[in-house]
Amino acid sequence: MNHIILLQPQQFFAPPNPILVHPPPPLHYCPRPPLPYCPQPPLLCPSGIRWNKPPPGFVKLNTDASYKYISSKSSIAGVCRDEHGIWLFGFSCRVKSESAFEAELLAVREALKLAWDKGLKKVILESDSETVVKRIRNQVIRQPKNQFEAVILECQAYVNRDWDCFIQHTLREGNFAADALTKIGISESFELHVWKHPPESLSLILLADKIGMEIPRHGALDQNQLGYLKVLERELLQRNLHWHRP
């Protein structure tokens with residue numbers, strides 16, 4: 001008699017996060033405190049991407065830039081949230097840049113400076129520019145030869161100060177809040193604007209991040225997801241619950 005042996009399917013695990021400037025913070029499971037009314041979001045793509053909350057005690061600072069080739073002007077922005085997805089602060093401003101790389105680099109430098117000036121001690125900074133992250137983490141610069149290297153050296157100096165600061169790459173789909181903030185034009189001024197409270201236009205994106213809603217690679221929130229978020233937002237506001245404030 002022939003016997004049929006059923007083999008268990010092999011389990012595959014995603015590769016670990018990129019190596020950080022220093023050893024990464026403890027990757028303990030970070031429980032997500034449920035909202036008073038927060039049902040499971042629909043249509044989560046099993047292979048989707050989402051914004052991940054930082055480990056307990058850390059804040060996550062996402063940065064992005066929008067480069068304007070014709071005018072050599074760019075918008076840079078950053079969004080800082082705690083381990084529960086609560087908004088701590090954001091920033092945005094216009095800068096002069098000669099490339100998208102330079103704009104992304106300036107966004108990282110501004111974020112590091114703000115985080116240090118605000119006295120934060122445990123920071124994970126994410127940028128969706130893999131080139132910027134790699135050069136800050138890996139490039140050895142003894143004497144800067146150009147403006148790019150001077151800014152990279154400045155970022156490295158911030159990271160190596162007396163705090164727990166880590167820089168890592170994220171995909172664009174996990175960086176929508178910072179991306180959206182670059183598109184909000186404050187004025188033609190180059191003065192830095194610090195957002196103590198999130199602008200209303202970021203409301204649904206922040207809620208999607210808060211509940212862990214996933215987005216397919218090279219995609220965006222679809223109409224069903226947006227509809228769900230609007231219903232959830234309305235019900236939370238009716239209960240006077242603000243998911244993006246302490």
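The figures that follow rest on heavy atoms only: side chains count, while hydrogens, waters and symmetry mates do not.
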Chi angles and distances behind the side-chain hydrogen bond (donor to acceptor under 3.5 Å, both in side chains) call for N62, W51: CA-CA 10 Å; N62 290 82; W51 178 80; 2.9 Å; yes
Can any side-chain N or O of [X] pair as donor or acceptor with the backbone N or O of [Y] at less than 3.5 Å?
X	Y	result
W163	Y158	yes
K60	P55	no
Q156	I136	yes
K196	F89	no
E149	K145	yes

Criterion side-chain hydrogen bond (donor to acceptor under 3.5 Å, both in side chains) on Q147 and E98, from CA distance to verdict: CA-CA 11 Å; Q147 182 180 353; E98 299 300 327; over 6 Å; no
Heavy-atom neighbours of D162 CG exceed 12 at 6.0 Å: no
Q223 CD: over 12 foreign heavy atoms closer than 6.0 Å: no
Charged N-O contact under 4.0 Å between K122 and D164: yes
Check ion pair E154-R109 (N to O, under 4.0 angstrom): yes
Non-hydrogen atoms of A107 and I76 that approach each other most closely: CB-CB, 3.7 Å
Criterion side-chain hydrogen bond (donor to acceptor under 3.5 Å, both in side chains) on S66 and S75, from CA distance to verdict: CA-CA 5 Å; S66 177; S75 298; 5.5 Å; no
Aromatic ring proximity W195/H193, centre distance under 6.0 Å: yes
Derivation and outcome, side-chain hydrogen bond (donor to acceptor under 3.5 Å, both in side chains), residues E126 and T63: CA-CA 6 Å; E126 286 187 339; T63 67; over 6 Å; no
Mutual orientation of the aromatic rings belonging to F148 and F101 [parallel < 30°, tilted 30-60°, perpendicular > 60°]: perpendicular
